[in-house]
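In this chain, numbering begins with 1 at the start of the sequence shown. Every number for a ligand or one of its atoms is a count from 1 in the order of the listing. For clarity, every value in this text was computed on a predicted model and none was experimentally measured.
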Amino acid sequence: MARREKDEIVTIDGPSGVGKSSLSRQLALALGYTYLDTGAMYRAVGLFLRDLHIDLDDDQAVAAALPGLDLHLFPVTEEDGDVRVVVNGQEVGRLIRSPEMGMLASRVSAIPVVRTHLTRMQQAIGRQGRIVAEGRDTGTVVFPRARWKFYLEAAPEERARRRVAQLLALGQEVDSQKVLEMTIQRDHDDQSRAIAPLLKAEDALLIDTSCLDIETVCRKMLAVVRGG
Ligand code: DC
């Protein structure tokens with residue numbers, strides 16, 4: 001039976017700094033699929049709630065604010081190189097990429113109403129099929145029936161080193177020790193939260209990227225997807 005387009009979803013989960021974003025972008029471009037950066041969505045919600053001065057411990061206030069969120073992701077193109085994130089008409093791509101915004105995203109991602117809201121949005125985007133979804137729970141919760149699932153891991157020191165290089169390339173000031181501490185803290189928070197924690201789906205292929213460059217991992221993943 002011919003494969004239905006809507007079944008054609010690739011999920012890539014794993015901790016921060018493991019290479020998910022670069023790999024997802026490259027894989028999506030190579031396959032002609034849409035890149036769904038779910039982490040950018042949690043970061044955008046963090047920024048949105050922070051700008052409104054919402055108390056993140058007040059579930060009702062968070063729930064009341066969410067209908068006012070108008071969030072759009074514009075897919076990666078060869079020219080842009082990165083996904084464009086627009087919140088209520090404002091392009092926030094650069095604002096949300098700092099380690100501090102990563103910590104804030106991790107915090108808001110533990111709020112049940114935020115997870116429900118974003119999971120629904122992600123599933124609606126996924127309905128069109130031909131998606132490379134990247135995050136923490138895309139293979140377990142968002143797209144449990146995805147056709148191809150990958151789980152990436154690498155040592156925290158190596159992930160922090162990559163993050164430092166990325167931030168330096170963006171021209172940001174970096175404290176390497178602080179980046180390592182934040183990496184370890186975020187792993188702990190993402191793995192220990194009650195809802196949709198960072199977890200390898202049983203049927204995901206595990207790839208340790210510690211000693212592999214992006215091109216090698218990308219070739220490996222492409223071979224799996226093109227293999228059927
Ligand atoms: O991938 P990232 O660093 O941009 O993600 C930022 C935070 O968002 C991450 O620490 C946890 C949260 N997140 C999540 O809980 N579920 C996802 N599917 C993606 C991100």
Q) Can you pull the residues with any heavy atom under 4.0 Å from ligand 1? A)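 Residues within 4.0 Å of ligand 1: T38, G39, Y42, R43, A105, S106, S109, R115, E134, G135, R136, D137, R186, D190, R193.
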
Q) Do S106 side-chain atoms and G102 backbone N/O form a donor-acceptor pair below 3.5 Å? A)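 Side chain of S106 to backbone of G102: no pair is present.
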
Q) Quick one: does K20's side chain have a donor or acceptor within less than 3.5 Å of a partner on D13's backbone? A)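 No, K20 side chain to D13 backbone: no donor-acceptor pair under 3.5 Å.
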
**Q.** Distance-only side-chain donor-acceptor flag, S109 / R193, under 3.5 Å
**A.**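 There is such a pair between these side chains.
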
(Q) Applying a strict under-4.5 Å side-chain criterion to I, L, V, M, F, W and Y, I'd like to know whether V141 and M41 cluster together. (A)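 No, V141 does not connect to M41 through the hydrophobic network.
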
(Q) Show every salt bridge (charged side-chain N to carboxylate O under 4.0 Å, His left out) that has at least one partner inside residues 47-73, sequence neighbours left out. (A)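 Matches after skipping sequence neighbours: D57-R107.
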
(Q) Salt bridge or not between K200 and D208? Use side-chain N to carboxylate O under 4.0 Å. (A)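 Answer for the salt bridge query: no.
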
